[in-house]
Amino acid sequence: MTETQQSPTNTQQSPTNGNPLEEASPTSLEEYFSRDPEGFTKQDLEVVVKELRRMREKWKVEEASGATKGKKASAQKRPEAGSFDDLGI
Amino acid sequence: MVDLPVNTSFSTLTPGLQLAWDSVSLGALKTCPRYYQLTIVEGWTPKRRSVHLDFGIWLHSARERYYHARAGGESHDDAVITAVDFTLRATWNKKLNRPWPSDDSNKNRFTLVRTVVWYLDHWANDPLETVILANGRPAVELSFRFETTYSSREGETFLLSGHLDRLAKLNDQIYISDLKSTKHTMDKSYFEQFSPDNQMSLYDFAVGVVYALPIQGLIIDAVQVAVTFSRFDRNPIPRSEAQREEWYKGLGHWLRMAEQFAREGEWPMNDKACFRCDFRSICSKPPSVRAMWLEADFERRVWDPLIARGDI
């Protein structure tokens, strides 16, 4: 990981010219995943993390509204032998 | 044919007798002696590596990078960046200039990086506190090796070895925390599979011996990886002293059997364990042509518990 603002070799192809955090989008995420991460700057990685966090928030809202598929395990009964309830948490 | 390195976990006195055991090799023996012969004694493995194995190893490694970064003073956000940086690099093939080519819709490069970020954020304020060792390092990805009280007829001592994910404290009690990823729902039956379980029992037993810590048992740190989300849950897996003694006594019986098989040079097939076995295509053929099919569809590597990593 390079700590500089933008590595020279990355300037031409980076989707993050300008303020990278404002340009986060699924398109830029896809582009990041198709590139050699060798030249990624800290800002590039922050864009990736920010976009994945945005997806998580969106998913949490959908799950809370029951829009996602799959059963939520925490709502189900735990194994009788071994529960966090026994540990007081 | 490629020359393979010597497997240092095997006896030099009794061919085919493994002396240093980890949960992978012991689990293979317990599953089916023939499966054990093929995968551990002879070292056959499918030519195509399992995406589940790769995914699990990278997930463990990314989390390890995070814990070390946190122990080194990095903030949560910076440590997440460190873990993501590692994951992206680890899953990029520089020689071929392309990403890890998983064709699994649940477990691929994108869902791996997504899982790393979501997992670390989910447990950012983790009630499980990683144990800090006397050397100041976090107790994560710990390798262990110790002598058992069992020995072969030639007097060679059997050893147990392995790698622990993490030792963690909860309410001043110490647990082994083991990270597992699955594409299945983490319901009651998912967690029940770990009790009893060979790998978990070996880890639980080992910590009591190697670290002399009063372990309460294990906590399965489960990750459900789906196409569009990653979900997290945990469940404690208690072990009592009586259960530990029972497991260790059983180990002695299995080691005796392993020695018997090695001395006879024959590892019998357990034909009740063929469902979804990698070697079903081999064992279903006449014995006279199996070697030819093994050469065609599999490759050889050395599974040496004294150096290997991949028990996830």
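Atom set for the values below is all heavy atoms of this structure, side chains included, hydrogens, waters and symmetry mates excluded.
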**Q** Are any of the side-chain nitrogens in A:R53 or B:D77 under 4.0 Å away from the carboxylate oxygens of its partner?
**A**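 A salt bridge is present here (some side-chain N lies under 4.0 Å from a carboxylate O).
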**Q** Taking the side chain as every heavy atom from C-beta outward, state whether A:L45 and B:L88 have any pair of such atoms under 4.5 Å apart.
**A**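 Answer yes - side chains close enough.
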**Q** Where does B:S230 contact chain A at under 4.5 Å (heavy atoms): side chain, backbone, both or neither?
**A**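 Only the backbone of B:S230 comes within 4.5 Å of chain A.
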**Q** Are more than 12 heavy atoms, taken from residues, nucleotides or ligands other than B:E246, located less than 6.0 Å from that residue's CD atom?
**A**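 It does not: B:E246 CD has 12 such atoms or fewer within range.
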**Q** Out of B:R98, B:K94, B:R89, which one pairs with A:D36 under the side-chain contact (heavy atoms from CB on, under 4.5 Å) rule?
**A**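 Passing option: B:K94.
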**Q** Is it the side chain or the backbone of B:N97 that comes within 4.5 Å of chain A heavy atoms, both, or neither?
**A**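 Only the side chain of B:N97 comes within 4.5 Å of chain A.
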**Q** Which label fits A:F33 and B:F110: parallel for a plane angle under 30°, tilted from 30 to 60°, or perpendicular past 60°?
**A**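 Perpendicular.
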**Q** Any side-chain heavy-atom pair from A:W59 and B:R231 closer than 4.5 angstrom?
**A**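 Yes; the side chains approach each other to less than 4.5 Å.
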**Q** By a 4.5 Å heavy-atom criterion (distance strictly below it), what part of B:V116 contacts chain A: side chain, backbone, both, or neither?
**A**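 Interface part for B:V116: neither.
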**Q** For B:Q173, give me all partners under side chain to side chain contact (heavy atoms under 4.5 Å, CB included), at least two apart in sequence or on another chain.
**A**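 With sequence neighbours excluded, B:Q173 shows a side chain to side chain contact (heavy atoms under 4.5 Å, CB included) to B:Y175, B:Q216, given in chain and number order.
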**Q** Could you state the interatomic distance from NZ (A:K60) to CZ (B:F229), rounded to the nearest 0.5 Å?
**A**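 Reported to 0.5 Å precision, the distance equals 14.5 Å.
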**Q** Mind jotting down which residue pairs meet the salt bridge (charged side-chain N to carboxylate O under 4.0 Å, His left out) criterion with at least one end in residues 220-230 of chain B? Sequence neighbours excluded, please.
**A**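 Pairs touching residues 220-230 of chain B that pass the test: B:R63-B:D221, B:D221-B:R234.
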**Q** Does atom NZ (B:K169) have a neighbourhood of more than 12 heavy atoms from anything else shown, all under 6.0 Å?
**A**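 No - once you tally the heavy atoms of other residues, nucleotides and ligands closer than 6.0 Å, there are 12 at most.
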**Q** Below 4.5 Å, heavy atoms only, C-beta onward: do B:W92 and A:E38 meet side chain to side chain?
**A**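 No, their side chains stay 4.5 Å or more apart.
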**Q** Quick one: are B:V117 and A:R56 in side-chain contact, heavy atoms under 4.5 Å?
**A**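 Counting from C-beta outward, B:V117 and A:R56 never come under 4.5 Å.
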**Q** Salt bridge or not between A:K42 and B:D85? Use side-chain N to carboxylate O under 4.0 Å.
**A**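 A salt bridge is absent here (no side-chain N lies under 4.0 Å from a carboxylate O).
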